[in-house]
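In what follows, a structure is listed as structure tokens, so that the remarks can point back to it.
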Amino acid sequence: MLVSGVPHRTIWLHEEAVRIIDQRRLPWTFELLDLRTVAEVAEAIRDMAVRGAGLIGATAGYGMWLAAREAQTQEELQSFAELLVATRPTAVNLSWAVKRQRAAIAKVGFEQRVETARQEAEAIADEDAAACAAIGRHGLKIIEEIAARKPGQVINILTHCNAGWLAFVDHGSATAPIYAAHAAGIPMHVWVDETRPRNQGARLTAWELAQQGVPHTVIADNTGGHLMQHGLVDLVLTGADRVTRSGDVANKIGTYLKALAAWDNGVPFYVALPSSTFDWTLRDGVSGIPIEQRGGEEVTEMEGMTTEGRVENLRIVAPGSEAANYAFDVTPARLITGLVTEQGTCAAEESAICQLHGQALSL
Ligand SMILES: CSC[C@H]1O[C@H](OP(=O)(O)O)[C@H](O)[C@@H]1O
């Protein structure tokens, strides 16, 4: 997506560094950050300067390029790989990108490792952007079918967290069909879950949609069920951080509750993801997907801008009270209407998923 002053990507090479948009500063300021070492990449992922499954995968891919440049031994390269994988456990794109880089580097001689890793990092990023563009094309058909049943009326879509172009290299996953429908002139409105505690919806999705001119309304996370009960949601569209071969979906905490409300009200619930988000080794996501737990301070404190334009962090929980901070939850496949990937759309069940993605049915 185009933002003044930067290429239409969230990550790119700049003078031997990896340049990113520092998402910790959005929407208050738009700041770029150059990462020059594996340690800086790991910290950027861990502290969510970059976040979102596709983007942390691409960032880890570039991190492995820096690792190939820094490491003097295979053991050192492996320790860098483990450092990157350990930064965030839930989004499988991260470990997928590191494994892909390790395999690419292993195929060439020591002298070619750096250039090979750079080319592979660029390929991972390019493929992520292309996959999200394809998700947009396939997801557009879902929105068009809903619009055909509501001729001339506004289509109301609810989304949770930020699975926008900020969470990928470009286009986003959940937002790609929204942007495609907007470009096609379909009248739309997006309910944007604020998405506590990091407020990716209120801060990032709202900023993105405003940049692209898509009508939207930010809502408290607890509002979606009420809206669905009153016929104000035509479609729920979210991203994913890890999807099992049977269609269980790990996504930002609160997604499961939205899926329950959608199920109870007969609202279509689609999950958009590039195929790099599948974990083909897992069937049961509820027991098998590692759920990241982050510091309680992300719940007890909230960042905002004062009326004088100062960005401040305030404690919003009673002094002395502790907070739990589960960053993801798992929505069982039975609550999901379908998955949208770069390969097309399919039911959230194993045979359909494996057939569309050319995977054998056996684990
Ligand atoms: C599908 S990528 C966007 C996805 O990632 C977010 O998590 P985080 O912001 O903590 O990286 C959230 O789960 C979004 O749905």
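One is the number of the first residue; the rest follow in order along the sequence.
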Does [X] share a hydrophobic cluster with [Y], counting links as ILVMFWY side-chain heavy atoms below 4.5 Å and allowing steps through other members?
X: Trp263; Y: Val271; result: no
X: Val233; Y: Leu257; result: no
X: Val249; Y: Trp280; result: yes
X: Ile21; Y: Val311; result: no
X: Leu77; Y: Val85; result: yes

Let me see the working for Lys150 and Asp234 under side chain to side chain contact (heavy atoms under 4.5 Å, CB included), right down to the final yes or no.
CA-CA 10 Å; Lys150 295 181 63 178; Asp234 299 301; 2.9 Å; yes

For a 4.5 angstrom cut-off between non-hydrogen side-chain atoms, does [X] reach [Y]?
X: Thr331; Y: Ile336; value: yes
X: Ile20; Y: Thr10; value: no
X: Phe278; Y: Val92; value: no
X: Tyr270; Y: Ile157; value: no
X: Ser173; Y: Leu273; value: no
X: Tyr62; Y: Glu122; value: yes
X: Glu303; Y: Asn313; value: yes
X: Thr205; Y: Glu208; value: no

Quiz question: by atom type and distance under 3.5 Å, do the side chains of Arg51 and Gln200 form a donor-acceptor pair?
no

Point-to-point distance, once rounded to the nearest 0.5 Å, from [atom1] of [X] to [atom2] of [Y]:
X: Ile155; Y: Arg149; atom1: CD1; atom2: CZ; answer: 8.5 Å
X: Leu32; Y: Arg19; atom1: CG; atom2: CZ; answer: 5.5 Å
X: Ile178; Y: Ile186; atom1: CD1; atom2: CD1; answer: 11.5 Å
X: Lys252; Y: Asn162; atom1: NZ; atom2: CG; answer: 10.5 Å
X: His171; Y: Tyr179; atom1: NE2; atom2: OH; answer: 11.0 Å
X: Thr90; Y: Asp241; atom1: OG1; atom2: CG; answer: 7.0 Å

Where is the tightest heavy-atom contact between [X] and [Y], given as atom of each residue plus distance?
X: Thr244; Y: Ile353; answer: O-CD1, 4.2 Å
X: Cys132; Y: Ala176; answer: O-CB, 3.3 Å
X: Val340; Y: Ile135; answer: CG1-O, 3.8 Å
X: Ala206; Y: Val192; answer: N-CG1, 4.3 Å
X: Ala71; Y: Arg113; answer: O-NH2, 3.8 Å
X: Gly224; Y: Ile219; answer: N-CD1, 4.4 Å

Output yes when a side-chain donor or acceptor of Asp221 lies under 3.5 Å from a complementary backbone atom of Thr195, and no otherwise.
yes

Considering only NZ, NE, NH1 and NH2 on the basic side and carboxylate oxygens on the acidic side, decide whether [X] and [Y] come within less than 4.0 Å.
X: Arg294; Y: Glu292; result: yes
X: Lys107; Y: Glu120; result: no
X: Asp279; Y: Arg242; result: yes
X: Glu115; Y: Arg118; result: yes

Between Ser275 and the options His357, Gln359, Glu342, Gln343, the side-chain hydrogen bond (donor to acceptor under 3.5 Å, both in side chains) test singles out Glu342

Looking at [X], I want to see if its [atom1] is surrounded by more than 12 non-hydrogen atoms of other residues, nucleotides or ligands under 6.0 Å.
X: Lys99; atom1: NZ; answer: no
X: Tyr326; atom1: OH; answer: no
X: Gln112; atom1: CD; answer: yes
X: Glu312; atom1: CD; answer: yes

Hey, what's the ring geometry for His230 with His226, parallel, tilted or perpendicular (30° and 60° as the breaks)?
tilted

Evaluation steps, salt bridge (charged side-chain N to carboxylate O under 4.0 Å, His left out), between Glu43 and Arg46
CA-CA 5 Å; Glu43 179 55 22; Arg46 193 182 302 116; 2.7 Å; yes

Step by step, would you call Asp193 with Leu158 a side chain to side chain contact (heavy atoms under 4.5 Å, CB included)?
CA-CA 7 Å; Asp193 272 357; Leu158 185 145; 4.0 Å; yes

Please step through side-chain hydrogen bond (donor to acceptor under 3.5 Å, both in side chains) for the pair Gln78 and Glu82, ending with a clear verdict.
CA-CA 6 Å; Gln78 181 55 28; Glu82 290 166 4; 2.9 Å; yes

Kindly confirm or rule out a cation-pi arrangement of Arg203 over Trp207, judged by NZ or CZ under 6.0 Å from the six-membered ring centre and within 45° of its axis?
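Cation-pi check for Arg203 and Trp207: fails.
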
Evaluate side chain to side chain contact (heavy atoms under 4.5 Å, CB included) for Trp96 paired with Thr277, printing each intermediate quantity in order.
CA-CA 8 Å; Trp96 167 83; Thr277 306; over 6 Å; no

Test log, rule side-chain hydrogen bond (donor to acceptor under 3.5 Å, both in side chains), inputs Thr29 and Glu31:
CA-CA 6 Å; Thr29 56; Glu31 296 180 25; 2.8 Å; yes

Of Glu301, Glu298, Glu297, which meets salt bridge (charged side-chain N to carboxylate O under 4.0 Å, His left out) against Arg198?
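When Glu301, Glu298, Glu297 are each tested with Arg198, the salt bridge (charged side-chain N to carboxylate O under 4.0 Å, His left out) holds only for Glu298.
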
